Amino acid sequence: MIKANDPNRKSWVPVPEGSDFPIQNIPFGAFRTPRGEEVIGTRIGDTAIDLKAISRTGALAGTGVESNVFEEKNLNGFLKLNKKAWRAVRDRLAELFDEANKGEWAEALKDSLYPVDQIAMTMPVVVGDYTDFYSSRQHATNVGTMFRDPDNALLPNWLHIPVGYHGRASSIILSETPIHRPKGQQLPADADKPVFGPCKLLDFELEMAFITGQGKPLGDSITTAEAEDYIFGLALFNDWSARDIQKWEYVPLGPFLAKNFASSISPWIVTLDALDPFRIPGEKQEPEVLDYLKFEGNKTFDVNLKVSIENDAFKAHPICHSNFKYMYWNMAQQLAHHTVNGCNINAGDMLASGTISGNNPEEYGSMLELSWKGTKPLQMPDGSERKFIQDGDTVIMEGYCEKDGVRIGFGNVKTQVLPAK
Ligand code: CA
């Protein structure tokens with residue numbers, strides 16, 4: 001077993017009941033301390049832990065990781081190491097903050113701790129490249145049904161290829177960063193010429209993204225068996241989408257301005273190690289996949305997901321409950337597919353799942369599906385309706401795993417939509 005995952009471990013740092021961040025989590029992120037210093041860190045309960053300060057006490061020396069990695073403002077240096085180093089640091093942090101070691105460490109480490117409400121989260125990773133998959137069968141089926149042909153909703157390649165496209169890394173933003181409604185070309189219904197203006201059909205996409213370590217040289221491939229060694233961890237991911245812009249522009253080369261104006265991530269990266277107890281078998285893949293996409297073991301993870309809308313007029317109102325387990329293609333297959341042609345990946349790349357929709361309508365991961373192209377508006381607590389996202393709305397995505405009394409959570413990704421500039 002991964003040492004840091006010991007379900008019996010308790011911390012000398014207080015952990016509120018139901019917290020996403022017990023000592024079994026030990027996620028990684030970056031933040032600005034009350035003194036204005038930008039550091040990388042972790043979190044237990046409602047306490048943020050400064051890894052630069054911890055490293056300077058010498059407490060991480062035994063991990064074999066060079067201390068300069070802990071002096072950086074983001075996780076990229078740490079990501080360039082390997083699974084062994086990531087695990088050694090996480091295991092060591094679990095040990096330092098274990099209740100049993102309070103006498104030895106509480107005094108020495110006290111200056112490394114801050115209440116989370118006194119810090120400001122910063123981007124955990126400088127994202128080099130961003131790829132977005134399309135790996136939920138129900139989502140692909142829903143979209144195919146709405147826009148093409150209900151009898152042939154999945155395109156012929158879908159059950160053979162983890163379909164994806166290269167997105168835009170520069171506009172990946174941190175939770176709590178507001179966005180402005182995008183503008184662009186749209187083709188109104190029954191019009192034969194496009195118009196320009198603010199997007200009218202602004203949507204979220206409920207996704208999760210994994211962050212990679214340093215891959216292999218250009219020309220080499222990562223197998224499904226090796227893939228998890230290159231996956232550092234995951235975050236919640238809201239892949240903002242402008243449906244009217246998308247509809248007009250996406251043929252023949254796929255999404256462009258409808259997608260590249262913003263994608264929001266949750267600030268704490270939960271490691272693949274922390275998610276290990278929550279592995280489950282995935283959906284049976286039929287027809288059989290090509291050899292390079294075959295895999296062994298449970299590569300699917302049971303992560304409960306929720307989306308809510310909040311507004312000045314009402315508190316967070318849940319509109320969707322889904323689960324990461326609804327992915328038809330798992331992350332190992334996605335990474336194997338991504339590199340099978342020799343494409344390289346780098347430390348700090350972000351690979352997103354695509355919208356995660358379950359089979360029931362309340363499990364659909366976008367407004368497009370929840371309101372079925374606007375034909376079934378959702379009722380809000382103040383009596384208003386939503387077909388898509390309005391100015392002033394805040395979209396909140398949450399995620400957690402729970403099993404045998406241990407809850408490992410992601411916190412949330414929360415983004416307010418401001419009017420078009
Ligand atoms: Ca997407």
Side-chain angles (χ1 to χ4, degrees), residues 127 129-148 153-155 157-158 161-175 179 181-182 184 199 201-212 234-251 253-266 303 305-307 319-320 322-324 326-331 333-335 337-338 349-358 363-371 373 388-389 395-397 399 410 413 415 417:
V127 182
D129 275 304
Y130 156 47
T131 299
D132 194 19
F133 286 94
Y134 189 56
S135 288
S136 151
R137 183 176 187 159
Q138 188 64 50
H139 174 68
T141 303
N142 288 344
V143 172
T145 301
M146 276 186 265
F147 290 110
R148 284 191 313 274
L154 289 182
L155 286 170
N157 62 7
W158 201 92
I161 292 178
V163 171
Y165 72 99
H166 286 299
R168 180 89 194 157
S170 66
S171 54
I172 295 179
I173 53 173
L174 197 64
S175 177
I179 62 165
R181 179 174 297 272
C199 154
L201 310 182
L202 181 61
D203 202 355
F204 60 81
E205 290 190 329
L206 171 61
E207 304 195 18
M208 297 196 75
F210 65 87
I211 291 93
T212 60
L234 285 84
L236 300 168
F237 194 86
N238 181 351
D239 193 25
W240 290 98
S241 298
R243 299 299 180 197
D244 38 9
I245 297 172
Q246 183 176 357
K247 193 174 178 211
W248 172 231
E249 76 174 2
Y250 88 103
V251 178
L253 287 187
F256 186 28
L257 304 190
K259 301 277 187 175
N260 70 2
F261 60 95
S263 302
S264 309
I265 60 162
S266 55
V303 187
L305 300 168
K306 180 167 92 171
V307 185
I319 53 167
C320 159
S322 187
N323 194 302
F324 188 50
Y326 295 137
M327 304 299 296
Y328 185 82
W329 298 103
N330 60 52
M331 294 183 282
Q333 292 179 308
Q334 290 171 336
L335 195 51
H337 183 66
H338 203 305
D349 286 354
M350 209 166 265
L351 279 67
S353 58
T355 309
I356 305 162
S357 295
E363 295 175 315
Y364 293 171
S366 65
M367 289 302 283
L368 176 71
E369 296 162 271
L370 288 164
S371 78
K373 257 198 316 186
F388 289 90
I389 299 302
V395 174
I396 305 164
M397 296 178 178
F410 290 79
V413 54
T415 316
V417 175

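Every number for a ligand or one of its atoms is a count from 1 in the order of the listing. Treat the numbers as computed from the prediction; the structure is a model and nothing was measured.
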* Can you name the salt bridge (charged side-chain N to carboxylate O under 4.0 Å, His left out) partners of Arg243, sequence neighbours left out? -> Asp203, Glu205
* Say whether Tyr326 and Gln138, considering side chains only, have a donor N or O and an acceptor N or O under 3.5 Å apart. => no
* Closer than 3.0 Å to the Ca ion (ligand 1), which protein N, O or S atoms? -> Asp132 OD2, Glu205 OE1, Glu207 OE2, Asp239 OD2
* List in chain and number order the residues that pass side-chain contact (heavy atoms from CB on, under 4.5 Å) with Pro182, two or more places apart in sequence or in another chain; answer none if no residue qualifies. => Cys199, Leu202, Ala242, Phe261
* salt bridge (charged side-chain N to carboxylate O under 4.0 Å, His left out) partners for Lys373, two or more places apart -> none
* Structure fact -> Scanning both residues in full, the closest heavy-atom pair of Ala258 with Glu249 reads N-OE2, 2.9 Å
* **Closest non-hydrogen atom pair, Thr355 against Ser136** => O-CB, 3.0 Å
